[in-house]
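Everything on this sheet refers to the single structure shown next.
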Number of protein chains: 2
Amino acid sequence: MPAKRTTVRDVRRHNRSTLLSTLFFDGPLSRHDLSRLTGLSAATVSNVTGELAEDGLVVEAGLVDSDGGRPRVLLRVNPQHAHVVGVDVGETGIRTELFDLALTRLTTVDRALPAGTPDPTEVAAHVAASVRAAIEQAGVAERGVLGVGVGVPGTVEQGRTAVVHAQAIGWGGVPLEELIRAEGITPPLFLENGAKTQGQAEMWFGAGRGASHVVIALLGSGVGAAVVTEGNVYRGSTSSAGEWGHTTIVYGGRPCRCGSRGCLEAYVGAGGVLDRYRRARGGRAVPGEDERAQLEHLVAAAERSAAATRVLDETAGYLGAGIANLVNLFNPQRIVLGGWAGLALGAQLLPRIEQATAAHALHHPYGQVSIELARLGPDAVAVGAATLPVAALLERGADPRRQPSSGADVA
Amino acid sequence: MPAKRTTVRDVRRHNRSTLLSTLFFDGPLSRHDLSRLTGLSAATVSNVTGELAEDGLVVEAGLVDSDGGRPRVLLRVNPQHAHVVGVDVGETGIRTELFDLALTRLTTVDRALPAGTPDPTEVAAHVAASVRAAIEQAGVAERGVLGVGVGVPGTVEQGRTAVVHAQAIGWGGVPLEELIRAEGITPPLFLENGAKTQGQAEMWFGAGRGASHVVIALLGSGVGAAVVTEGNVYRGSTSSAGEWGHTTIVYGGRPCRCGSRGCLEAYVGAGGVLDRYRRARGGRAVPGEDERAQLEHLVAAAERSAAATRVLDETAGYLGAGIANLVNLFNPQRIVLGGWAGLALGAQLLPRIEQATAAHALHHPYGQVSIELARLGPDAVAVGAATLPVAALLERGADPRRQPSSGADVA
DNA sequence: CGACCTTGTTTTAAGTCTTAAACTAAGCCC
DNA sequence: GGGCTTAGTTTAAGACTTAAAACAAGGTCG
C-alpha cells in the first residue's frame, strides 16, 4: 500500500486543508491569527488564503481594531459557497435537512415510510424525492449542493460504492448508494451509520467539542456507540465497529433480539428496561402508547413506586458496567450519553450511573474520564450526516466539484 | 495542534521514512522495486537511498540478474548500523535482550527480582545493570545502542518522561524512566506496557503480520489485550486502553482482584479457571507446583475427567463471549490469542472458542474476523520492547543520535 | 564480436512550495 | 507631519519531486 504519495504539491493541499479547517472550526480569524494557530508563516497564510478566497471558499468578515496598528481583516468560510444536505433514514420515516456551508439549517422535509420491513428501492426513491424537495424549498440549484450525507440504520460497508447491512430490518448487503444514485441524485453521496453521524454531530457541535477521545453512547430502542479516537470516528476494518449494544454483560442472561443472550441492549435498551419494569409490576402493561411514553412514565413513577425505583437503579447498574467496559477498553476523555432513552434516563440517573461506572472501571482510566449528557438529542442524525460532505471538503482543502483553478488534484 | 507535514522539508523526511520502512519490512529490494512499491519516482528513490546509504542506514545486499538487462542491486537496512535493547520487566524477574537493527537476538541476560512488592528504585537499578551487562556481553559500545525499550506491567503514561501506574504491584505514578536514567543509562529510553510490546512483537513477526486491525488477546495470570488499529497500537487518551481483563462479562458475578465483580479475568485468567476447577473437584487442590503446571494438568485431565471437561467448556464459553465483545466493538480482521494460559488453552479449545465467539458476536463483524494462536509465546515482551526504538527510527527516517548529514531536524 | 535491445540507475532541467526578510499599508499619538 | 505599532504582501533563496534524457551493464543475434 503506497503510503499516500508525497510530492511537494501535497504540502499545499495539506496546508489548504489546515487553514480551511481552522477557519471553519475556530470562527472568523485574521491572517495573523491563522499564522499563530497553524504555525505556518505569514507569507504562506497570505498566499493560501488568497487562493481560497479566489475559489470563493473564504470571504472577509469585517475588521478589528488593533490598538495602535493596522486593523486586522477577519476571514471566515463562506457560508454561501455551497449547501449540504443531511438525511436521517429511520425505521419509520425520513427526515431531510438542507444547510449552508456553516451548517445553519435552512430547510426541513419530513416523510413517513410505510410500516413494516422497508423495501430498499422504495426507500431510495423516498430519499431522492425528499432531497429534491429540500433543495427546491430552499431555492438552491442542485449544482450548488456540495454533497448529500445519509445516515442509515445498520452497518455501512464503504467500498467503491456504499453497501448497507441491517439485520434488524432485513437488509443484507443493500447497495443503497447505487439505488439512490439511480433515482437521479447527482451530488456526491456519503452514506454512514446513523449512530456514527449522530456521534459526529456531537463532536462538532455538542458535548464532544474539543475532545479527541470520546465515546458517544446512544440508548434508544437499540443501543449503540460511536467511538471517536484521535478526533475521528472509528470504523474498524469493515465499518462495523462500535456495536456496544450487543456486547455480553450478563453471560447467559436475558435473550436479545440479535439471537444471543445477556447483551447490554437486552438490559438497558428501551425494550429491555420496560420489559424488566413490566415484570416488576407483576406483568401489568406499562401505561403509554409507545416506548417513549412508557419510559417517561417509568422515570416519573420513580418518586412513588418502589418497583420503578428498583428497575431504574438496576438499569443504572447495568449501564454503569457497560460504560465501564468502554472506559477500560478505549480509555476516552469523555463519555457522552445520548439517544432518546439515554437522555430520558440520564437526566435522572446520571449520578447513579457515574457511581456504577466507578465501581466497575479501573481507577486509572476512570480518573481520566467525564460522563456527560448529549447536547443535541436524537434529531442530530441529519446534521451529523450533513457534516460528512463538509468534512470531505475540509480534508481536501478544495471543492471537489469545480475543476481546479489552482491546487486541486487533476487525475 | 498544527498537523505535521507543512514545509517542503517534511516531504523528504516522510519519503525517507517510507523507503526505510519498506526496506525494513519487505526485505532486500532493488531501487526499482522500491519505486514500484512506494509510488515514488526512480529519481527520488535513487537520491534518497543514496543519502540513507551515506548515513550508513542502508547497505547493498548483492545483485540479481534481470533477464536481458542490467542486474538489480539489492538494498537492505544495515543490521550493523546500530543495536537495540529490549527489557521485559516481569513481576518475578527481568529479562534483557540485545539485538542488531534487523532484530536478530545477540545476547540474553536474566535477572531475578526479590519476591514481594518490588521497589521502583531497586527495579531501575536492576534494569540498568542488566542493560549494561547485555551491552558488555555483546561487545558493543553504549554509543552504538539506538535505544532501550522497556516493557513493564501496568499502565505507562507517556508524558515528557514516562510514568508507570500498576495497581497490582502497588506502583502509583512511578517515574521509572527518570529512575532508570538516574542509574546512568544514556541511550534513549522507551517505556511501554508489556502486553502492548508483546502485541507489537506479534504484529511485526508473529500472527499479526500483514493485518492492520488486530486485537492481541493475552491470557496469563492476568488478562489483557493489545488493540491495533490502522497498524498502530491503540493507547487511548492516557495510554491505558485495552484493559480487556476487567471488562464486566457476568454482571454481579465472581469477585475480581481489581475489586469489582464479574470481570472477564475472574473467569478466564489462570487463577479464575483453576479456582473454578478446584470447586468442580469438590475443593481438592489441583496438582502442580505453580499455576502453569496446574493449568497443564487441567488441560491434560480433560480426556478422562468430566469435571475438567466441563470447566474447559465453560472457559471456552466465557472466553468466546469476551472475544465477541472485542469483535463487536473493534471489528478487527484478526484476533490473536496469546499469553501462556491463552496458548495452553487455545491449543485444545480453539474450535470451541470460535464457536462460542460466533454465538455471541454479530454476524457481520464475525464474518470478517479470523481467530488465531499467537506465534511467539510470552517471551516476546523483550523483542516487542526492542521494536520501540526501531519504530522510532523508521518513523523519523533518520538516526536521531547523529547530527544530520542531511535531512534530519536541527531544532 | 559488435550492433542492438532491455532493464536499472543517475543526472538534468523544470516547476512547486515554504520561508525569512524586506517592504507596503493602515491606523494611533504627539 | 514624523514616529511608532501592528497587519499583510512581495521578493529572493533554498529544498524537493519529477519527467525526460543520459548513462550503465548485461544479454541476443546476425
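Computed from a predicted structure; not experimentally measured. Letters A, B, ... mirror the listed sequences (proteins, then strands); counts begin at 1.
Shown here are the salt bridge (charged side-chain N to carboxylate O under 4.0 Å, His left out) partners of A:Arg105, two or more places apart in sequence or in another chain: A:Glu97. When the ring-ring contact (aromatic ring centres under 6.0 Å, His included) test is applied to A:Phe25, the partners found at least two apart in sequence or on another chain are A:Trp204. Partners of A:Arg181 by salt bridge (charged side-chain N to carboxylate O under 4.0 Å, His left out), not counting sequence neighbours: none found.
We find that CZ of A:Arg12 is positioned 17 Å from P of C:dG15, with the value rounded to whole Å. Rounded to an integer number of Å, the gap from CG of B:Asp10 to P of C:dT18 is 11 Å. In this structure, A:Glu60 places its CD atom 16 Å from P of D:dA7, rounding to the nearest Å. B:Leu63 has its CG atom 9 Å from the P atom of C:dT9, to the nearest Å. In this structure, B:Arg31 atom CZ and C:dT11 atom P are separated by 10 Å, rounded to whole Å. Atom CG of A:Leu52 is separated from atom C1' of D:dG8 by 16 Å (rounded to the nearest Å). Separating the NE2 atom of B:His14 from the P atom of D:dA15 is a distance of 21 Å, rounded to the nearest angstrom. Residue A:Arg36 contributes atom CZ, which lies 12 Å from atom P of D:dG8 at whole-angstrom precision.
Closest to the side chain of A:Arg72, from the set D:dA15, D:dG8, C:dT10, is D:dG8. For A:Ser41, the listed nucleotide lying nearest its side chain is C:dT19; candidates were C:dT19, D:dT18, D:dG8. Residue B:Ser46 places its side chain closer to C:dT9 than to any other of C:dT9, D:dT17, C:dC17. With distances taken from any side-chain atom of B:Ala42 to the nucleotides C:dC17, C:dT19, C:dT10, the minimum falls on C:dT10.
In this structure, A:Leu103 CG and A:His83 NE2 are separated by 11.0 Å, a value rounded to the nearest 0.5 Å.
Summary of helix geometry: the two end axes of the helix from C:dC1-D:dG30 to C:dC30-D:dG1, each defined by five base pairs via their C1' atoms, are inclined to each other by 30° (rounded to 10°).
Residue B:Asn15 has no polar side-chain atom (N or O) positioned under 4.0 Å from OP1 or OP2 of D:dC16. Of the side-chain N and O atoms in A:Thr7, none sit less than 4.0 angstrom from OP1 or OP2 of D:dT18. The side chain of B:Arg9 contributes an N or O atom lying less than 4.0 Å from OP1 or OP2 of D:dC16. Phosphate proximity of D:dA7 to A:Ser30: absent, as no side-chain N or O sits under 4.0 Å from OP1 or OP2. For A:Asn47 and C:dT18, the shortest distance from a side-chain N or O to OP1 or OP2 is not below 4.0 Å.
Side chain of A:Thr38 to main chain of A:Leu34: a donor-acceptor pair is present (N/O by atom type, distance under 3.5 Å, no hydrogens or angles). In this structure, A:Lys196 contributes its side chain and A:Ser239 its backbone to a donor-acceptor pair below 3.5 Å. Checked by atom type and distance alone, the side chain of B:Asn331 pairs as donor or acceptor with a backbone atom of A:Thr238 at under 3.5 Å.
Sorted by first then second residue, the ring-ring contact (aromatic ring centres under 6.0 Å, His included) pairs that include residues 29-68 of chain A, not counting sequence neighbours, number zero.
Using a 4.0 Å heavy-atom cutoff across all strands shown, B:Val73 reaches sugar-phosphate atoms only and no base atom.
In summary, B:Asp55 and B:Arg16 engage in a salt bridge, as defined by a charged side-chain N under 4.0 Å from a carboxylate O.
Side-chain contact, B:Ser30 with B:Asp33: a donor N or O sits under 3.5 Å from an acceptor N or O.
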Identify all pairs in which a protein N or O lies below 3.5 Å from an N or O of nucleotides 20-25 of chain D, and state each distance.
| from | atom 1 | to | atom 2 | distance (Å) |
| --- | --- | --- | --- | --- |
| D:dA24 | O4' | B:Arg70 | NH1 | 3.3 |

